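To keep things clear, I will list the structure first and then write my remarks on it.
Labels below follow one simple rule: chain letters A, B, ... track the order of the sequence lines, proteins then strands, and each chain is numbered from 1. This structure is a prediction, so every number in the text was calculated from the model and none was measured.
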Number of protein chains: 2
Amino acid sequence: MQLSIEPNNGIPIYEQLVRQIKYAVAEGILVPGQVIPSVRDMAKQLTLNPNTVQRAYFQLQNEEVLQSLRGRGVAVCEGAKKQCVADRQQILAERLAAVLDEAIRGGLDEDRLRSMFEKALKNAIRTGEKQS
Amino acid sequence: MQLSIEPNNGIPIYEQLVRQIKYAVAEGILVPGQVIPSVRDMAKQLTLNPNTVQRAYFQLQNEEVLQSLRGRGVAVCEGAKKQCVADRQQILAERLAAVLDEAIRGGLDEDRLRSMFEKALKNAIRTGEKQS
DNA sequence: ATCGCTGTATTATCACGCTATCACACCGAC
DNA sequence: GTCGGTGTGATAGCGTGATAATACAGCGAT
């Protein structure tokens with residue numbers, strides 16, 4: 001389980017954590033019942049403050065993705081995978097829509113956008129494969 | 001000249017202003033030499049604080065997109081259009097790349113992304129045409 | 001029971017984006 | 001010169017994301 005956090009990205013760190021854990025559950029990298037790294041471990045791995053991690057875990061508990069086992073750790077909820085797949089789809093669709101809206105309003109035409117998309121997509125796939 | 005500012009977007013308001021003014025110059029909506037709305041007028045139009053607008057104008061002066069005519073207003077620099085076209089391209093390409101990177105790392109496959117893109121693109125074009 | 005791990009809560013501090021005022025300096029029109 | 005518009009600068013306050021340090025409570029192994 002490897003998460004990539006980028007500070008000063010506009011997106012709060014705890015929010016990035018929430019998303020990436022959801023993605024991991026959606027992908028099956030984290031399976032229901034599995035105990036994930038503790039607040040302190042995760043904070044140490046990512047060189048974050050434990051409070052920031054705790055905030056992400058707390059939000060994921062509210063959304064019934066994680067459940068806390070006091071004294072033992074935090075585990076993935078049973079029915080979480082379906083919900084996480086849906087969440088991932090919605091989050092990314094919204095982000096994509098926001099960029100395209102800005103581009104269209106900024107005056108870029110459809111063809112130019114399509115070309116940019118293909119180029120960026122290939123690049124993303126390439127770098128994504130390098131990591132794995 | 002109609003700008004759409006969205007607070008709580010993650011992107012600072014003054015940064016949104018900078019971008020949209022660049023887009024307007026790139027599109028030819030604002031032409032070199034033209035005097036744009038004053039700090040106070042722009043703030044009133046967008047219901048922002050004059051300081052926030054001034055911050056955006058200040059940054060655009062540093063990037064040689066705007067020049068201030070003290071006592072008279074702020075005008076678009078002569079050579080600004082070419083620069084703004086390039087900036088627009090780069091800004092949007094980066095944002096697009098960021099979304100696609102997150103999507104690929106999150107586990108979405110190429111075809112699904114392409115489908116999301118087409119859907120979001122049509123939607124953006126539709127709402128974009130409604131506005132104009 | 002004790003120890004070490006866990007989650008949880010509290011408080012303080014800092015940085016930053018934004019707002020709200022106010023004051024000052026410059027330019028053009030009258 | 002005066003007045004009204006302009007850009008510019010300074011100060012204070014608020015909300016929030018993030019850090020730091022500390023304390024408390026539950027669970028399991030010993």
Rounded to whole Å, please give me the gap between [atom1] in [X] and [atom2] in [N].
X: A/Asn51; N: D/dA23; atom1: CG; atom2: C1'; value: 12 Å
X: A/Gln54; N: D/dA18; atom1: CD; atom2: C1'; value: 14 Å
X: B/Leu66; N: D/dT8; atom1: CG; atom2: C1'; value: 15 Å
X: B/Gln59; N: D/dT8; atom1: CD; atom2: C1'; value: 17 Å
X: B/Asn49; N: D/dC14; atom1: CG; atom2: P; value: 15 Å
X: A/Phe58; N: D/dG17; atom1: CZ; atom2: P; value: 14 Å
X: B/Arg72; N: D/dC3; atom1: CZ; atom2: P; value: 23 Å

- Query: Is there a side-chain polar atom (N or O) of A/Arg55 under 4.0 Å from OP1 or OP2 of D/dG17?
  - Reply: yes
- Item | Presence of A/Thr52 side-chain N/O under 4.0 Å of D/dA18 phosphate oxygens OP1/OP2 | no
- Item | Closest-nucleotide 5' rank along DNA chain D - winner of A/Gly71 and A/Gln16 |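 First, find each residue's nearest nucleotide; the 5'-ward one identifies A/Gln16.
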- Item | A/Ile11 or A/Arg40, whichever maps to the more 5' nucleotide of DNA chain D | A/Ile11
Is a side-chain donor-acceptor pair under 3.5 Å present for [Y] with [X]?
X: B/Gln20; Y: B/Gln16; result: no
X: A/Tyr23; Y: B/Glu102; result: yes
X: B/Asp41; Y: B/Gln45; result: no

- Message: Using modelled atom types and a 3.5 Å cut-off, is there a donor and acceptor pairing between side-chain atoms of A/Asn9 and backbone atoms of A/Ile11?
- Response: no
Using a heavy-atom cut-off of 4.0 Å across all strands, would you classify [X] as base, sugar-phosphate, or nothing?
X: B/Gln61; value: sugar-phosphate
X: A/Tyr14; value: sugar-phosphate
X: A/Ile13; value: sugar-phosphate

- Residues passing the side-chain contact (heavy atoms from CB on, under 4.5 Å) test with B/Glu27, sequence neighbours excluded, are B/Ile29, B/Arg88
- For A/Gln34, enumerate each residue passing the side-chain contact (heavy atoms from CB on, under 4.5 Å) test, keeping only those at least two apart in sequence or located in another chain. A/Leu30, A/Val31
- On DNA chain C, check which nucleotide each of B/Arg70 and A/Ile36 is closest to and give me the residue with the more 5' one. A/Ile36
- Query: Using a heavy-atom cut-off of 4.0 Å to chain B, what are the terminal contacting nucleotides of DNA chain C, in 5' to 3' order?
  - Reply: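 Reading along DNA chain C, I get C/dG17 to C/dG28.
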- What do the steps show when you test A/Glu118 against A/Lys122 for salt bridge (charged side-chain N to carboxylate O under 4.0 Å, His left out), and what is the final call? CA-CA 6 Å; A/Glu118 290 299 334; A/Lys122 278 175 188 164; 5.4 Å; no
